[in-house]
Amino acid sequence: MTQPAHLHPDRLFPASEPAQSIARELYPAVKDLPIVSPHGHTDPSWFAGNGRFSTPTALFLTPDHYVLRMLRSRGISYDALGIPRKDGKPVEQDGRKAWRLFAENYFLFAGTPSKTWIDHSLHAVFGIAEELSAATADRIYDAIEAGLATPDLLPRAILDRFNVEVIATTEFALDPLVHHQKMEADNYIGRVRTTYRPDDVTDPSRPAIVENLKKFGELTGEDIAKWDGLINAHRKRREYFRRFGAVATDHGVPSANTADLPLVEKQALLDKVLAGRHDAADAELFRAQMLTEMALLSVEDGMVMQIHAGSRRNTDPLLFAERGPDLGADIPGPTDYVGGLRALLSRCGNEPNLRLIMFVLDETTYARELAPMAGYWPSLMIGPPWWFHDSPQGIRRYLDQVVESAGFYNLAGFNDDTRALLSIPARHDVWRREVCGFLGRWVGENRLARSTAEEIARHLSYSAAKDAYRIK
C-alpha cells in the first residue's frame, strides 16, 4: 500500500536545502525516544482494568472532542454519533452506524490536525493506508475491530508498543481515585500517574460549588468554613494525590488573574461563596486568590503548577444542558498574563521550589508576554501549543515566537493534552518532526551548530518534559 503523504519522512519539514536535509538527519535520533506524557485526560479505567476497547468508535470518535466539534459544525447530530445524553434519551447504539456517518464526513477534516492524528493511528497501529471514506468505512471498521480483539491492543500493551514511559491522567479534588488504587495494587503507579485538578472546589461558577465544598470538608476532616481550614484541606488532598504518582496540579481558568488578599477579605469572600451569595466578580476573585494559594502550596510540596487559561468553556448552553461539559463548545479568548499573574509572581515568583507552566490559547501573547516572562522569571515555563494550536502550523508559530526571548530551556517540551489514546504517539511524532524542521532551518542559517541542534532535539523530544515536571 502507498503510505499517506503526510506520513512520508520528508513531510512536515522545510522545503529548502540544506535545512530539509539537516532536519531529515536529526529526526531518526529522536523519533523512537520514549514518550513522556505528564498531562492528559485519558481515562484511568483503561489502564486499571486493561480491557479491550469495545468498538472503533470508542477509540476514535466518542472520546475526541476535536472530532465531535467539527462534525457538529456541519449539523451532524451527537445523537447519531452515539454521544450519551444527560436525560437518558436514546442515542445511536450501533457503533458501525456511527462510524459510517463519521467516515462519510471525513472529508471535513482535510487540513486539520485531527486528520493527521487519525491517519497516523490507522497506519501505525492497524497498518491501514487507505483514506477513510464512505467507500472504505466498513472495511476499515472491520480491520480495527479485528485488531481490538487481540492482546496487542489492550491499553497497557499500547503503552508498551509506543514506548510510553510516563502518562498522567487528570482528576478533580473530590475524585476517590478508585482506578489509581487498583493500579497501585498492580504496582503500575509511576508509569500512570494522576494529576490534581481542584476546579470542582475552587471555581464558584460551578452550580454545585457549595455542595462540593461541604464534601471537600467531609473528605479531608477539615473545617472548610474557615479559610485556613480550606487551604489545609487542599494540603491534605494534594498529599493523597501524590500517593498515586501526582507530580503536578492543573487549573482550568477563564483568565490568568491572580490575587493576594489579606486574610479578613479572603474569609469574607469564602463566607459569601458558602452562602451562595456570590456573583460573577466574586467568582473571578475567588479563582484568582486560589491560584495564588495553590502556588504557595506548590512552594511547600514541590508539585508543578499548570495553568490552562483563556478558554471560554461550554459556550453552547443547549449542548451543555443536553450532554455536559467538554464536548467541543469551548472557544479561546484574549488573556492578559503580565497583569494577571502579577499578584502570584510578586508573592512567590522568586521561590526556588515553585514551577509554573503556562498553557496558552491566545497566541498573540507568546512573543509579547509569555516568552519575555519565561525568559526572566525562574519559576515560569511555557507549555507546548495547546488545544487548537496543537498542530504542525501551531507548533511552527509557537517556536518562531517564543525561542528568541525564552530560549529552548524555558520550554516544557511536549505533553499531549488529549482524551484519545492513539493520538498520543501521533502528536509526539508531529512535535518531533516540527522541532527537527525548526532546528534544521537554524542550522542551515548558521544560527546553531549541528551538535547543539542534536542536543536540543533530544531535549525537546524527551528530557524537557521530565525536567519540567520533575519526574525522576
Side-chain angles (χ1 to χ4, degrees), residues 37 40-72 76-86 88-106 108-109 113-128 132 136-162 164 167 169-171 178-179 182-183 192 319 322-328 416-427:
S37 180
H41 298 287
T42 50
D43 188 337
S45 70
W46 295 344
F47 310 115
N50 200 36
R52 65 157 283 176
F53 290 95
S54 56
T55 64
T57 54
L59 195 59
F60 285 102
L61 180 59
T62 52
D64 195 336
H65 60 79
Y66 292 86
V67 171
L68 296 175
R69 71 188 311 274
M70 177 62 76
L71 296 171
R72 187 178 180 90
I76 295 169
S77 166
Y78 277 16
D79 285 347
L81 295 170
I83 308 304
R85 301 173 60 105
K86 292 166 70 174
K89 290 182 179 180
V91 299
E92 181 59 68
Q93 297 297 311
D94 187 333
R96 186 180 292 272
K97 287 184 180 179
W99 180 266
R100 285 173 179 165
L101 182 59
F102 172 41
E104 289 166 8
N105 291 278
Y106 193 58
L108 297 173
F109 294 90
S114 293
K115 186 176 191 304
T116 299
W117 303 328
I118 292 169
D119 287 351
H120 182 287
S121 301
L122 291 175
H123 183 268
V125 178
F126 299 98
I128 298 168
L132 182 61
T136 63
D138 281 345
R139 189 159 58 248
I140 290 176
Y141 188 94
D142 290 339
I144 296 171
E145 193 151 62
L148 292 178
T150 68
D152 291 342
L153 284 179
L154 295 176
R156 294 188 185 187
I158 290 171
L159 299 187
D160 292 337
R161 179 173 188 162
F162 289 103
V164 177
I167 184 169
T169 63
T170 302
E171 281 71 47
V178 292
H179 301 301
K182 170 67 166 58
M183 286 185 278
V192 179
L319 178 67
E322 282 184 351
R323 300 171 208 272
D326 303 325
L327 287 171
D416 50 88
D417 186 6
T418 181
R419 291 173 172 82
L421 181 58
L422 291 188
S423 77
I424 290 174
R427 292 164 186 249

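Nothing fancy with the numbering, it's 1 onward along the sequence. This is a predicted model, so every value here is computed, not measured.
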Find out whether [X] and [Y] are in side-chain contact, i.e. whether some heavy atom of one side chain is under 4.5 Å from a heavy atom of the other.
X: Asp417; Y: His41; value: yes
X: Leu108; Y: Leu71; value: yes
X: Thr42; Y: Ile424; value: yes
X: Val192; Y: Arg156; value: no
X: Pro44; Y: Met183; value: yes

Taking all atoms of both residues into account, what is the closest heavy-atom pair of [X] and [Y], and its distance?
X: Leu81; Y: Thr62; answer: O-CG2, 4.1 Å
X: Ser423; Y: Ser121; answer: N-OG, 4.1 Å
X: His179; Y: Ser45; answer: CE1-CB, 3.4 Å
X: Phe53; Y: Pro155; answer: CE1-CG, 4.0 Å
X: Gly95; Y: Thr57; answer: O-CG2, 3.2 Å
X: Thr418; Y: Arg427; answer: OG1-NH2, 3.3 Å

query = Would you call the rings of Phe102 and Phe109 parallel, tilted or perpendicular, where under 30° means parallel and over 60° means perpendicular?
reply = perpendicular
Any chance you could measure [X], atom [atom1], to [Y], atom [atom2], to the nearest 0.5 Å?
X: Tyr78; Y: Arg69; atom1: OH; atom2: CZ; answer: 8.0 Å
X: Leu61; Y: Thr55; atom1: CG; atom2: OG1; answer: 8.5 Å
X: Thr170; Y: Asp43; atom1: OG1; atom2: CG; answer: 11.5 Å
X: Leu59; Y: Trp99; atom1: CG; atom2: CH2; answer: 8.0 Å
X: Leu153; Y: Ile158; atom1: CG; atom2: CD1; answer: 5.0 Å
X: Leu122; Y: Phe60; atom1: CG; atom2: CZ; answer: 4.5 Å

Please name all residues satisfying side-chain contact (heavy atoms from CB on, under 4.5 Å) with [X], sequence neighbours left out, ordered by chain then number.
X: Lys86; result: none
X: Asp94; result: Glu92, Arg96, Lys97
X: Thr136; result: Glu130, Leu132, Ser133, Arg139, Ile140

task = Take Leu421 and Phe47 through the test side chain to side chain contact (heavy atoms under 4.5 Å, CB included) and record every step on the way to the result.
result = CA-CA 11 Å; Leu421 181 58; Phe47 310 115; 4.0 Å; yes
inquiry  = For a side chain to side chain contact (heavy atoms under 4.5 Å, CB included) check, start with the C-alpha distance between Arg52 and Leu154, then their side-chain angles and the critical distance, and finish with the verdict.
reply    = CA-CA 5 Å; Arg52 65 157 283 176; Leu154 295 176; 3.9 Å; yes
key: Criterion side chain to side chain contact (heavy atoms under 4.5 Å, CB included) on Trp117 and Asp416, from CA distance to verdict   = CA-CA 12 Å; Trp117 303 328; Asp416 50 88; over 6 Å; no
key: Asp79 and Arg323: CA distance, side-chain angles, deciding distance, side chain to side chain contact (heavy atoms under 4.5 Å, CB included) verdict   = CA-CA 10 Å; Asp79 285 347; Arg323 300 171 208 272; 2.6 Å; yes
